[in-house]
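Right, one structure below, let's go through it.
One-based numbering along the sequence shown. Note that this is a predicted model, so its numbers are computed, not measured.
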Amino acid sequence: MKKEDIELEMQETVVEEPAIQKAEAEELKSQAKKTIEIIKEQAREEDPKLTSAVTLRSILGGDFLTAAMVRRQIWLFVLMVIFTVVYVAFRYQCQQDMIAIDKLEKEVLDAKYRALSCSSTLTEKCRESHVLKALKQNKDSLLHVPTLPPYIINVPE
């Protein structure tokens, strides 16, 4: 029986070999179709899909800017740039205004000191003693210091 078993096994293997070859051929065909599909997909002129790893090379190369995520958020980036420009412009204008305010405050302080000085000089020159000196020095003047006290005149109603 051993010889019979061996013969049966040989016949089965002979029958199975064409089936195995057909299966291998079908598998090769399916693999070829898959590789052709992969090649076609890679050969398309579409943007590459964004990978999870963003590298410096992809950023400097511009691949990062063409990514779908960035395209969807382009208006957000534009808005951020506008806000940044407005912020810098307002800060610059504020600094210019503060410089002008400081300059005007210094001018006001100088004018205040000049007015105080002029007022002090005027007060000093209006004193009675200075007026009397000026009258004595000016011999042409008819004005002089009265020697009699003032009279009170009563007017009946």
Under 3.5 Å, which donor-acceptor pairs do the side chains of residues 110-131 form with other protein atoms, sequence neighbours left out?
| from | atom 1 | to | atom 2 | distance (Å) |
| --- | --- | --- | --- | --- |
| T121 | OG1 | S117 | O | 2.9 |
| T123 | OG1 | S119 | O | 2.8 |

Got a list of side-chain donor-acceptor pairs under 3.5 Å for residues 76-97, not counting sequence neighbours?
| from | atom 1 | to | atom 2 | distance (Å) |
| --- | --- | --- | --- | --- |
| T84 | OG1 | M80 | O | 2.7 |
| Y92 | OH | Q96 | NE2 | 3.4 |
| Q93 | NE2 | D97 | OD1 | 3.1 |

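The hydrophobic cluster containing L104, built from Ile/Leu/Val/Met/Phe/Trp/Tyr side-chain heavy atoms closer than 4.5 Å, comprises no other residue. Hydrophobic side-chain contacts under 4.5 Å tie I153 into a cluster, directly or through other members, with V155.
Among residues two or more places apart in sequence or in another chain, the side-chain contact (heavy atoms from CB on, under 4.5 Å) test is passed with E105 by I101, D102. Remark: Q31 pairs with E27, L28 by the side-chain contact (heavy atoms from CB on, under 4.5 Å) rule, at least two apart or across chains. Under the rule for a side-chain contact (heavy atoms from CB on, under 4.5 Å), the partners of R57 that lie at least two apart in sequence or sit in another chain are T55.
For the pair P156 and N154, the tightest heavy-atom approach, listed with the atom from each and the gap, is CD-O, 3.7 Å.
Rounding to the nearest 0.5 angstrom, the gap separating the CD atom in E107 from the NZ atom in K103 is 6.0 Å.
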